[in-house]
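Keep in mind that the numbers below use all heavy atoms, side chains included, and drop hydrogens, waters and symmetry copies. Residue indices begin at 1 and follow the sequence shown.
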Amino acid sequence: MVLVTRRVALAAALAAPALASAQPRFPDKPLRVFVPWTPGGATDIQMRTVCEIASRHLGQPIVVENRPGASGTLGPQAMRDAKPDGYTLSQMPNGTFRMPALMRAAGMTPPIDPLMDFAWIIRMVGYMGGVVVRPDAPWRTMPELIAHAKANPGKVFFGTPGANTTDIVLRRVARQDDIDWTAVAFRGAAPNLQAMLGRQIDFSAETSAWADMALEGRVRPLAVWTSSRAARFPDVPTFRELGYDYVAESSYGIAAPRGTPTDVIMTIHDAFKLAVHDPQHLAVLARFDMPVRYLDPEGYADDCRLVNEQEIETVRDLGLRLGG
């Protein structure tokens with residue numbers, strides 16, 4: 001009996017390496033990454049570039065799938081419901097935190113919980129954006145525009161690419177300086193900027209979609225809400241420099257469904273970290289004036305907890321509501 005038991009144990013020990021080697025190495029098939037925006041925008045181009053580079057390091061293709069809508073939360077929702085095996089990921093925009101906060105404030109149950117549903121992999125980049133006016137506008141600086149708005153309460157209108165987006169900084173400026181101006185929400189950057197150029201609104205609060213237009217002289221930037229001045233616009237001050245301590249870079253990265261194995265998370269992280277700092281990707285970031293904002297899984301998870309708290313406070317503090 002003892003001899004038989006030993007033989008069984010020996011056979012199991014000899015078989016263990018074979019069984020281990022039979023386990024497929026991750027990844028052994030293509031990955032899918034949801035981008036919750038329409039094709040062709042800055043985020044879509046950045047994500048497609050970084051995914052293409054990361055695929056080289058992973059040895060498998062990465063398929064980018066656009067899932068626009070619901071303030072950028074449809075991608076995270078679809079990813080959350082996927083198998084937690086690392087093969088389905090999503091870009092994680094700021095709406096992942098703001099929409100649940102808005103819904104809870106309205107007494108609704110959000111479809112996602114940013115602190116419970118996801119495994120955070122890597123934070124990659126942030127956005128550049130700011131206030132722009134027409135080239136022939138009478139305001140040459142942000143203080144001049146603010147002075148005009150204070151002298152004309154209720155008569156100044158500005159555009160945003162959507163409700164509860166880029167208007168947040170301007171709401172805070174308005175409260176700090178007792179300004180009465182009105183945000184007009186458009187469906188994206190293009191109609192926002194077109195409305196400004198068409199004199200339907202006085203100025204636009206927009207992400208880096210206006211950068212090339214500014215270089216061509218079609219719009220004039222007055223201030224940016226990044227933590228430092230944009231490299232291509234060194235003469236344009238930040239809101240902080242003007243006395244408004246607000247930064248709105250909306251840094252983002254990618255995540256997987258909660259329960260994804262740690263070793264899989266780290267494999268994906270390592271590939272994307274190399275991709276983020278790859279010269280090809282950095283050239284795309286320079287094109288859109290997007291800063292690198294890298295954090296590893298632990299740092300990203302900590303940052304997400306902080307952002308979630310900030311969004312809840314912002315919704316409560318500014319009285320934000322669904323739909324603006």
Side-chain angles (χ1 to χ4, degrees), residues 36-38 40-43 68-73 93-95 98-99 101-103 105-106 127-214 218-226 236 239 242 244 246-250 311 314-315 317-324:
W37 310 105
T38 53
T43 306
S71 295
T73 60
N94 190 260
R98 185 169 296 160
M99 279 300 293
L102 286 165
M103 293 183 72
Y127 289 108
M128 186 277 285
V131 168
V132 295
V133 297
R134 294 182 299 275
D136 61 349
W139 318 292
R140 307 291 303 182
T141 66
M142 193 68 201
E144 289 180 3
L145 174 58
I146 290 173
H148 171 79
K150 293 177 72 173
N152 295 272
K155 297 181 180 179
V156 174
F157 295 82
F158 68 93
T160 74
N164 298 314
T165 56
T166 56
D167 56 307
I168 301 302
V169 171
L170 277 301
R171 287 176 185 260
R172 293 192 178 280
V173 170
R175 188 174 64 173
Q176 181 174 326
D177 277 0
D178 192 25
I179 301 171
D180 179 13
W181 51 25
T182 303
V184 180
F186 293 91
R187 291 182 176 271
N192 179 18
L193 293 168
Q194 288 167 4
M196 181 192 66
L197 294 175
R199 302 180 185 276
Q200 300 171 40
I201 52 177
D202 297 293
F203 67 93
S204 289
E206 189 51 79
T207 57
S208 58
W210 50 259
D212 286 344
M213 297 173 66
R218 297 166 58 199
V219 300
R220 180 193 306 142
L222 300 185
V224 293
W225 48 62
T226 44
V236 179
F239 275 90
L242 298 174
Y244 307 98
Y246 312 129
V247 174
E249 293 180 345
S250 298
E311 288 301 326
T314 295
V315 169
D317 195 30
L318 297 179
L320 303 182
R321 295 292 181 265
L322 285 169

Correct closest heavy-atom pair for Glu311 and Asn94 would be OE2-OD1, 3.2 Å
Shortest non-hydrogen contact from Ala149 toward Ile179: CB-CG2, 3.7 Å
Quick check: closest heavy atoms across Ala195 and Phe186, and the distance to 0.1 Å? CB-CZ, 3.4 Å
Report yes or no: does Thr166 contribute a side-chain atom to a donor-acceptor pair with the main-chain N or O of Ala205 at less than 3.5 Å? yes
Please confirm whether the backbone N or O of Ala185 pairs with a side-chain atom of Asn192, one donor and one acceptor, at under 3.5 Å? no
Under 4.0 Å between a Lys/Arg side-chain N and an Asp/Glu carboxylate O for Asp317 and Arg171? no
Check for a donor-acceptor pair, side chain of Asn152 on one end and backbone N or O of His148 on the other, with a separation under 3.5 Å. yes
Does one side chain, of Arg98 or Thr314, offer a donor that lies under 3.5 Å from an acceptor on the other? no
Arg220 side chain to Trp139 main-chain N or O, any donor-acceptor pair under 3.5 Å? yes
Ala106 backbone acceptor or donor facing Arg321 side chain under 3.5 Å: no
Do Thr141 side-chain atoms and Glu144 backbone N/O form a donor-acceptor pair below 3.5 Å? yes
Rounded distance (nearest 0.5 Å) linking atom OG1 of Thr165 with atom CD of Glu206: 7.5 Å
Taking all atoms of both residues into account, what is the closest heavy-atom pair of Thr73 and Gly95, and its distance? CG2-O, 3.3 Å
Aromatic rings Trp181 and Phe158: how do their planes relate, parallel, tilted or perpendicular, breaks at 30° and 60°? perpendicular
Ignoring hydrogens, what is the shortest heavy-atom contact between Phe203 and Val132? Give both atom names and the distance. CB-O, 3.3 Å
Any idea which heavy atoms bring Ser250 and Tyr127 closest together, and the distance? O-CD1, 3.6 Å
Let me confirm one number: the CG-CG distance from Leu320 to Asp167, rounded to the nearest 0.5 Å. 7.5 Å
